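Quick caveat: nothing in here was measured; it's all calculated off a predicted structure. Below, read A as the first sequence line, B as the second, and so on, with proteins coming before strands; counting in each chain starts at 1. Values below: all heavy atoms of this structure, side chains included; hydrogens, waters and symmetry mates excluded.
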Amino acid sequence: MPKKSESRYIKNIKSAAKKLKSERGITQTQALDKISQDHGFENWRAFGAHIVDSEQANKPLPVPQLSLEFVNDPDVEFDESDFDDLEEDENREISTQAKEIVLSNLRALAKAGVEFSIFEPTATGLKKSILDATQPVRTHFELEGFHNYEFQGQGPDHKVMKVAYFANNDDFKKTTMSLYRPNTKKGDPRMWFRGLGEFVTAGDQIAIVIVDGSACLINLSVHDLKKDLDDHTSRLCELINQYNKKENEVFDELLEKLKELAKSPLENLRKGDTGVGFTVETRLGIEANSSKAPDYHGIEIKSGRSQTRTTLFAQVPDWTLSSCKKSAEILDKYGYARDDDFKLYCTVSTTRENTQGLRFIYDQSNDQVIEVHSSGEDVAVWTGKQLRERLKEKHSETVWIQAESVEINGVEHFQLLTAIHTKAPILSQLMPLIHAGIITMDHLIKRSGKTGRVSEKGPLFKINKKDLDLLFPEPVSYSLK
DNA sequence: GGTACCTGGAC
DNA sequence: TGTCCAGGTAC
């Protein structure tokens, strides 16, 4: 039994036993056992242990208070049933048993040596699809270099979307996470995970672990991590191992897989220009996507049929700063009729005007790239800040794969040749490289003559592969054969 | 359904 | 080199 930190309840029982001892002329132990039996326990040993256990469980869990800050924001509207949910949220109590499970899982996570943060979904939040990004969550995101709300503007234009996962023992469900600050008031940071309601119940304690740049959610109220993390076949165990991997191990693993794929030509899995990227990524087990995040456990993969120019990323202008307010407007003003369609496909650079009369001007004092027309009109504006963010987000680590296109029995195949590994782009060089015309931008806007629909596949910011060393420190080249 | 991204080209 | 272009997905 605890001596020093004995609770008031235990002290009371002991003094009651002392009194009983002198009244009945029995020993202290006999008195304690008698009292224990009155409480339905066999003896003091059992009763005492029960008291300690339940007192332990009644201590607050080392998890953040549930947060319902967002209900005070004017953009969140309430009807009567919402107030019922709110009342439920505010009065919810976590059972002793549930607390024990969570506590044991918290210990297991700490033992595994991962950084994590916790949130508690509320009935109100689940209904409205809103979670407050509380301070502990924000601190965690910042520590992991995952996201910094401090530098994020308010409103939907600044919303950030990321890939996230609902992690279970047997499978990971891929989902989308949004991080944003509403326009209301100070714009208290919020987040949401698409489909969260199917993964959690209000009142659960959910851990966020950042693995390879993605948030992975583990429901601490339903798992037994102590067991799961010892089971090497469990996906949760795999997740923790992945977290603890050193950066180079992930790259080494990728390189080994690429060498394996380079042993024989790969059959093109999709017709057209984009076949090589689709084929390589598919063979690596990556699904086709339009995510801004890197592809392979935090490493971006670029494949090419030995072409010279490569796309860094796609990014539309800042429409709020631009004269034109959408791609269709740029198309209408500066496009051309070709075949049945109306198109604007062209490269824009600072070095010279293109055939559509478009060029870039670098405004150094404002840290902006401005697209202008020969008529003197401004067309569009990109801020250096946004372009650097995109570059950093997309290319913190990249493998540039060179493949040779070979025809086998009339079908295109790809023979992987070399891989160039780059890390940590020199962000400060992005704007100077645009200024120098080394990085250019392609418009890819088209209005179909048949459907009248406008499609925008860009704008693509591109660089010649031979100039990669101007943007990345020490690119390292590997032969895959 | 429109927009913004992804994956990449040829001549 | 510049001019112009391709098949896809997420929301």
Side-chain angles (χ1 to χ4, degrees), chain A residues 129 156-157 159-164 174-178 180 192 194-195 268-282 284 286-296 300-319 324-331 334-339 341-359 380 382 386 390 393-395 398 400-403 405 412 414 437-438 440-448 451-462 464-467:
Chain A
S129 297
D157 289 349
K159 183 185 273 199
V160 170
M161 310 293 286
K162 288 176 185 275
V163 172
K174 195 170 181 177
T175 185
T176 312
M177 169 186 200
S178 55
Y180 65 102
W192 185 247
R194 194 186 181 81
N268 189 350
L269 301 175
R270 174 193 278 173
K271 62 176 179 179
D273 297 338
T274 59
V276 59
F278 181 80
T279 301
V280 171
E281 292 187 11
T282 302
L284 286 169
I286 302 165
E287 291 168 30
N289 65 80
S290 64
S291 161
K292 288 191 275 190
D295 305 299
Y296 185 89
E300 170 66 18
I301 297 169
K302 293 261 165 209
S303 310
R305 297 175 180 87
S306 69
Q307 90 285 14
T308 52
R309 272 171 301 177
T310 185
T311 303
L312 286 169
F313 52 79
Q315 179 60 57
V316 295
D318 184 331
W319 299 118
C324 291
K325 297 304 178 191
K326 54 199 289 193
S327 295
E329 198 178 329
I330 299 180
L331 174 66
Y334 309 108
Y336 51 85
R338 179 75 45 98
D339 301 327
D341 305 326
F342 200 71
K343 297 179 175 176
L344 181 61
Y345 284 76
C346 59
T347 301
V348 179
S349 97
T350 51
T351 51
R352 60 196 285 274
E353 217 167 70
N354 68 21
T355 42
Q356 266 64 48
L358 297 168
R359 68 177 298 175
W382 287 259
Q386 183 177 33
R390 293 287 292 110
E393 180 181 28
K394 189 71 185 169
H395 288 292
T398 306
W400 314 77
I401 298 164
Q402 188 140 319
S405 175
E412 184 179 28
F414 302 113
I438 290 172
T440 59
M441 181 273 292
D442 275 21
H443 277 305
L444 299 95
I445 322 173
K446 178 169 86 170
R447 175 178 283 111
S448 161
T451 64
R453 283 187 201 157
V454 173
S455 90
E456 164 68 282
K457 294 176 189 291
L460 303 182
F461 286 80
K462 297 194 170 201
N464 199 309
K465 269 192 183 169
K466 73 173 168 51
D467 293 323

Regarding [X], tell me which of base, sugar-phosphate or nothing describes its non-hydrogen contacts under 4.0 Å with the strands shown.
| X | answer |
| --- | --- |
| A:N354 | sugar-phosphate |
| A:D339 | nothing |
| A:K174 | nothing |
| A:T347 | base |
| A:T440 | nothing |
| A:T176 | sugar-phosphate |
| A:K457 | base |

side-chain N/O [X] vs [N] OP1/OP2, d < 4.0 Å:
| X | N | value |
| --- | --- | --- |
| A:R453 | B:dG1 | no |
| A:R390 | B:dA4 | no |
| A:S327 | B:dG2 | no |
| A:Y345 | C:dA6 | yes |
| A:Q356 | C:dT3 | no |

Handout entry: Interatomic distance, A:M161 CE vs C:dC11 P [rounded to whole Å]
Key =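 Taking CE of A:M161 and P of C:dC11, I get 6 Å after rounding.
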Exercise for the section: Starting at atom CZ of A:F278, determine the distance to atom C1' of C:dG7, rounded to an integer number of angstrom. Expected result: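 Atom-to-atom, A:F278 to C:dG7, this comes out as 10 Å.
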Problem - Worked check of side-chain contact (heavy atoms from CB on, under 4.5 Å) between A:Q402 and A:K465 - result: CA-CA 10 Å; A:Q402 188 140 319; A:K465 269 192 183 169; 3.6 Å; yes
Handout entry: 5'-most by nearest nucleotide on DNA chain C - A:N464 or A:L460
Key =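 Closest to the 5' end, via its nearest nucleotide, is A:N464.
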Practice task
Tell me which of A:K446 and A:T351 sits closer to the 5' end of DNA chain C, going by the nucleotide each one is nearest to.
Solution key: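 Mapping each residue to its closest nucleotide by heavy atoms, the 5'-most match is A:T351.
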Exercise for the section: Tell me, yes or no, whether the heavy-atom count around A:K174 atom NZ, taken from other residues, nucleotides or ligands under 6.0 Å, exceeds 12. Expected result: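 Yes.
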Exercise for the section: Would you indicate whether A:K271, at its atom NZ, is surrounded by more than 12 heavy atoms from other residues, nucleotides or ligands within a distance under 6.0 Å? Expected result: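 For A:K271, atom NZ is not crowded (no more than 12 foreign heavy atoms under 6.0 Å).
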Handout entry: side chain to side chain donor-acceptor pair (under 3.5 Å) involving A:E281 - partner list, sequence neighbours excluded
Key =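 Checked A:E281 against side chain to side chain donor-acceptor pair (under 3.5 Å); zero matches.
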Practice task
Check whether the side chain of A:R309 and the base of C:dT3 form a donor-acceptor pair under 3.5 Å.
Solution key: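 Side chain to base: pair found, below 3.5 Å.
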Practice task
Check the pair A:I438 / A:N464 against side-chain contact (heavy atoms from CB on, under 4.5 Å), numbers first and verdict last.
Solution key: CA-CA 7 Å; A:I438 290 172; A:N464 199 309; over 6 Å; no
